[in-house]
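Taking it in order: structure first as structure tokens, then the write-up.
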Amino acid sequence: MSVFSHPAYDHHEKLIFHQDAASGLQAIVAIHNTNLGFALGGCRMWHYASEHDAVADVLRLSRSMTYKAAIAGLNLGGGKSVIIGDPRRDKTPGRMRAMGRLINSLQGEYVSAEDVGINERDISLMASETPFVTGYQAANRTESGGDPSPLTAYGVFRGIEEAVRFKLNRDSLAGVRVAIQGLGKVGYELARLLTGAGAVVLATDIFTENLSLAIKMLGVIPVPSEEIHRQSVDVFSPCAMGAVLNAGSIPELLAPIVAGSANNQLAKSADGRRLADAGILYVPDYVINAGGLIEVYYQYVGADRRDVRRHIDRLAGETLPKIFHLAQERNTPTSEVADQLARERFMIPSADYAETT
Ligand code: NAD
């Protein structure tokens, strides 16, 4: 398998493959860029169709983390890890601890937290082997830690408010219709915040228990998985996996706004232009979903956690409108404006970063 010529390879500093024979762990860590600081990014466990897919995912995810930290004003680099396997079937305490040892071997160059398929309990198991994890409630620390997903959801909620204000000229989410794809750690909490604000939430999840719970507890309107992006709503909110915005799905979108937590929502960077040409306001994924990163960063460095929401509010209330206005003025997709702003922060002047990948 080629790496340096891989389409998702973009000046990554390190790619580490690891197998632990005793537990059966197979994992990959990617460190994209550490110009601003150590690399912080979650660990994902997923049943990838092939090793090639796992490599592509970790390369793309770690790159996004560099951009996310930069646009969020954090002095952090970008990294991510993936464990190959089905989180519902293949997860064992031994594998989580082996993952902790792998993270520990990097001695703080990469710090991990939750992502898809990995929860707070898994991070606690990794923490028994390494101090280089965050986003969990440590027994020996008095301040509250924990899963950052609620803060990610809060950031997405704030981002939706700003997008609705800009695009629809509405100051309230009451009556605004939102279609959520994925009711996991972030999507469920987002649905709770939205219904609490009076929005009408349509939702789906391939895991039927999640959907049933959201119908029962929050009154969301269920939609078949393959239909969710085609709903006649104000906001389509992808909160599951990446690459959902592509040449096939974009022409089918009816929502004037796309704003969700999923990482790497654009299948190709050209899809940002496709959305703009269709008159759809795309809220760049790594800007709107940075709330969790901000939270775990504050946890990890021991900063005052009361400032986390203020930090997220600034990103939503100042940076997002700036991106929307610049995109309009320059007739440039919001995704490209965000990339430019992020690169201005993390790039060293001589680095020849690709404009798009
Ligand atoms: P999760 O694993 O808790 O939830 C994902 C949910 O999506 C699951 O319930 C799964 O069944 C569902 N799903 C998967 N494919 C689907 C499909 N095709 N249609 C409908 N549902 C589908 O993960 P999460 O932590 O909630 O993260 C969701 C997304 O947000 C991911 O892309 C993740 O990378 C991103 N994200 C999460 C955080 C965080 O703090 N958790 C932070 C930033 C970005």
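Along the sequence shown, residues are numbered consecutively beginning with 1. Everything numeric in this text was worked out from a predicted model, so none of it was measured. Atoms within each ligand, like the ligands themselves, are counted from 1 in listed order.
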The complete set of side chain to side chain donor-acceptor pair (under 3.5 Å) pairs with one or both residues in residues 159-176, sequence neighbours excluded, reads R158-E161, R158-E162, E162-R165, R165-D171
What's the shortest distance from [atom] to any protein heavy atom, and which residue and atom give it?
atom                    : value
atom 27 (O) of ligand 1 : V116 CG2, 3.9 Å
atom 4 (O) of ligand 1  : G184 CA, 3.2 Å
atom 43 (C) of ligand 1 : N289 O, 3.6 Å
atom 41 (N) of ligand 1 : S149 OG, 3.0 Å
atom 33 (C) of ligand 1 : D115 OD1, 3.5 Å
atom 40 (O) of ligand 1 : T152 OG1, 2.7 Å
atom 37 (C) of ligand 1 : V186 CG2, 3.8 Å
atom 28 (C) of ligand 1 : C239 O, 3.2 Å

Contacting atoms of ligand 1, where contact means under 4.0 angstrom from a heavy atom of N210:
9 (O)
Atoms of ligand 1, numbered as shown, that sit under 4.0 Å from any heavy atom of G117:
2 (O)
Please confirm whether [X] comes within less than 3.5 Å of ligand 1 when only nitrogen or oxygen atoms on both sides are compared.
X    : result
N263 : yes
K185 : yes
K80  : no

When the ring planes of H6 and H52 are compared, do they come out parallel, tilted or perpendicular, using 30° and 60° as the limits?
parallel
When you compare the side chains of [X] and [Y], does any donor N or O come within less than 3.5 Å of an acceptor on the partner?
X    : Y    : result
E252 : H229 : yes
T66  : H32  : yes
N263 : N289 : yes
D313 : Y154 : yes

Given that the side chain starts at C-beta and the backbone is N, CA, C, O, which of these parts of P87 lies under 4.0 Å from ligand 1, counting heavy atoms, or is it both or neither?
neither
Give the contacting part of R44 toward ligand 1: side chain, backbone, both or neither, where contact means a heavy-atom distance below 4.0 Å.
side chain
Taking the basic N atoms (NZ, or NE/NH1/NH2) and the acidic carboxylate oxygens, is any pair closer than 4.0 Å for D234 and R177?
no
Given [options], identify the one with the heavy atom nearest to [atom].
atom                    : options                : value
atom 32 (O) of ligand 1 : S261, G260, P148, A240 : A240
atom 14 (C) of ligand 1 : I206, I180, T208       : I206
atom 9 (O) of ligand 1  : N264, V223, I228, D205 : D205
atom 19 (N) of ligand 1 : G292, G242, S225       : S225

Which atom pairs, one a donor and one an acceptor, fall under 3.5 Å between side chains of residues 76-88 and the rest of the protein, sequence neighbours left out?
unit_1, atom_1, unit_2, atom_2, d
K80, NZ, D115, OD1, 3.3
S81, OG, Y110, OH, 2.9
D86, OD1, R88, N, 2.9

Assess the pair F236 and Y282: is the distance between their ring centroids shorter than 6.0 Å?
no
Begin from the C-alpha positions of F346 and Y67 and carry the test ring pair (Phe, Tyr, Trp, His ring centres under 6.0 Å) through to its verdict.
CA-CA 8 Å; F346 80 79; Y67 283 76; 5.0 Å; yes
So, T334 side chain and F324 main chain: donor-acceptor pair closer than 3.5 Å or not?
no
Counting only heavy atoms not in Q19, do more than 12 sit closer than 6.0 Å to its CD atom?
yes
